Chemist: 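What follows is a structure written as structure tokens; I'll ask about it next.
Small disclaimer: the values here were computed from a predicted structure and weren't measured. Sequence lines set the chain letters: A, B, ... in the order given, protein chains first and strands last, and positions in each chain run from 1.
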2 protein chains.
Amino acid sequence: MSTMLAEGDDLSGAEKVFTFFRDALLNGTLKPGERLLGERELSLRLSVSRPLLREALRSLAMLGFLDIRHGKGAYVRQADINVLSDFFTFSLAQQPDILDDVMQARIAIECQAIRLACERATESDLKRIGSKLTRLMDTLHDPIEGGAADFAFHQAIVEAGHSEALATLYGAIGELLRRSHVQRREVTVSEPGIVDYLVEAHREVFLSIVDRNSDAADRKLRDHFAIGDEFRRRSLISAFARRPQT
Amino acid sequence: MSTMLAEGDDLSGAEKVFTFFRDALLNGTLKPGERLLGERELSLRLSVSRPLLREALRSLAMLGFLDIRHGKGAYVRQADINVLSDFFTFSLAQQPDILDDVMQARIAIECQAIRLACERATESDLKRIGSKLTRLMDTLHDPIEGGAADFAFHQAIVEAGHSEALATLYGAIGELLRRSHVQRREVTVSEPGIVDYLVEAHREVFLSIVDRNSDAADRKLRDHFAIGDEFRRRSLISAFARRPQT
DNA sequence: GGCCTTACAGTGGTCTGACCACTGATTCCC
DNA sequence: GGGAATCAGTGGTCAGACCACTGTAAGGCC
């Protein structure tokens, strides 16, 4: 209680409230699951009106840091990654050429995660990755299912890295990746040799992890991305080449 | 029977307003730069009170979609990726022992960025990185200045990668990184050989970029991080070893 | 006595109407 | 003509009231 003291008054009201909660969340005064005081009580302590307090609270809720339930109260929530996905998806609507760039982030995260996975993956991690690989092989000719399986495979690798930070970042761009995955499959599914390649590439990546060989795994994964680009490029070319004939 | 409602219309007031604007932004009814009607006018049109409208507006502003200026009005803004930085700082800081883990994300981003930098860096990029290197060498014995210079060097590399997504993610963890940088310098500054090592390691990384050798740059950087860890570990050991003697 | 219903207190949800503070342009005085 | 005072429009803030939802405790029915 006594920790709630007014310090800098230079900020505007809403900013002041927002900052107060941000700091409280950052330095651990407020922990996930905890329940906030009532709005009336809080507005008194922070010396702001209830509507103003609500503006700040609502904003925090919108960002996923609070869960406000009618008739019960406001609860601190572990930040929700879904907000990030929404945000990415949203800003993509205004800036479509960012997708290639997101791919760079994806490579960065996965290549580091796979290194960690080589050190940290448990038996059940490996088993999970393996099962995704099986699923991938079973759905090779279905763009939608296949794309999903592909994504699941890569996601399992990231999880096997057991790094919260990497998983968080990956989750943030996950929605965008999921979308592009299916699209890409649709484009390349008819490309000759693609099926064999897909199986082989993913299998090699998987085996590198089982081998616990970080450098090899990194390299295989990097190659996989590069060759994927190449297939897509080729497929685009042939698509345009076919067009005049039809 | 009235309890059975199709999802969609049962939104509460604030949600309704928020959704209204979100849709307007998504389908292009509202374009960046455009000015919104006044709050009083808007609250009339949407049949909600001004405080309620403000809750929604403030939330949108917090997400970076609006720019509200006192005495002027609210303007639609191009979605700003930078709010992600705040978000990450929040969501990562909530998890206690995340700092070591953030380091993994840092390695992931920098190693990919340096690969891109080898391909994309301009002359002025290289010049900028070089100047940071000089600054780093001039501040070797000052933990605070030295830590800042160290961070600036690495940041310059990421920027030289010219990837919006990577730079954004790096900025997102930047705040957490900055905190640990100075700390680490304070711990290791007394370690024998550290000064020579720091100069040499950074110089090698820099030269690899100038050489446009992606693989080498990646490797050098990775080594640099690994050895930094080693120094810190050794320094911790000797710190504990000394304690009983004093 | 046990279960269902009801009433109540606490909480978020919303509204009204007022006043303050900032911005920009207009007007007025020098 | 130039600078300062003025004013209208806008967001910023406030107080107090009432509504709607939730969980619980008191009460009534079986």
Chemist: Nearest whole Å is fine: how far is D:dT10 P from B:Y75 OH?
Modeler: 10 Å
Chemist: May I ask you to verify if any side-chain N or O of B:R54 is less than 4.0 angstrom from the OP1 or OP2 atom of D:dG11?
Modeler: no
Chemist: Name the closest nucleotide to the B:H70 side chain, picking from C:dG13, C:dA21, D:dA15.
Modeler: C:dA21
Chemist: With respect to the phosphate group of D:dT13, does any side-chain polar atom (N or O) of B:R58 fall under 4.0 Å of OP1 or OP2?
Modeler: yes
Chemist: Applying side chain to side chain contact (heavy atoms under 4.5 Å, CB included) to A:T122 and A:H162, what does each step give before you reach the verdict?
Modeler: CA-CA 10 Å; A:T122 64; A:H162 293 282; 4.3 Å; yes
Chemist: Rounded to the nearest Å, what distance is computed from the CZ atom of residue A:R40 to the P atom of nucleotide C:dA9?
Modeler: 15 Å
Chemist: Would you indicate, yes or no, if C:dC22 has its OP1 or OP2 atom less than 4.0 angstrom from a side-chain nitrogen or oxygen of B:K72?
Modeler: no
Chemist: More 5' along DNA chain D: A:R50 or B:R50, using each one's nearest nucleotide?
Modeler: B:R50
Chemist: Report the residue (B:S49 or A:G38) whose heavy-atom-nearest nucleotide on DNA chain C is the more 5′ of the two.
Modeler: A:G38
Chemist: Could you tell me how far apart A:L42 (CG) and C:dG12 (C1') are, to the nearest whole angstrom?
Modeler: 12 Å
Chemist: How long is the line joining CG of A:L57 and C1' of C:dG13, in whole Å?
Modeler: 13 Å
Chemist: Would B:R77 pass as a cation-pi partner of B:F65, given that its NZ or CZ must be under 6.0 Å from the six-membered ring centre and within 45 degrees of the axis?
Modeler: no
Chemist: Report the distance from atom CG of B:L53 to atom C1' of C:dC15, rounded to the nearest whole Å.
Modeler: 13 Å
Chemist: Expressed as a whole number of angstroms, how long is the span from B:R69:CZ to D:dG9:P?
Modeler: 20 Å
Chemist: Starting at atom CG of A:L52, determine the distance to atom C1' of C:dA18, rounded to an integer number of angstrom.
Modeler: 16 Å
Chemist: Closest nucleotide of DNA chain D for A:V48 versus for B:R35: which of these residues is on the 5' side?
Modeler: B:R35
Chemist: Classify the ring geometry between A:H202 and A:H224 as parallel (under 30°), tilted (30 to 60°) or perpendicular (over 60°).
Modeler: perpendicular
Chemist: Are side-chain heavy atoms of B:V205 and B:I157 found at a separation under 4.5 Å?
Modeler: yes
Chemist: Measure CG/A:L37 against C1'/C:dG12 and give the value in whole Å, please.
Modeler: 14 Å
Chemist: Apply side chain to side chain contact (heavy atoms under 4.5 Å, CB included) to residues B:L66 and B:F21 and explain how you reach the verdict.
Modeler: CA-CA 10 Å; B:L66 286 183; B:F21 282 107; 5.8 Å; no
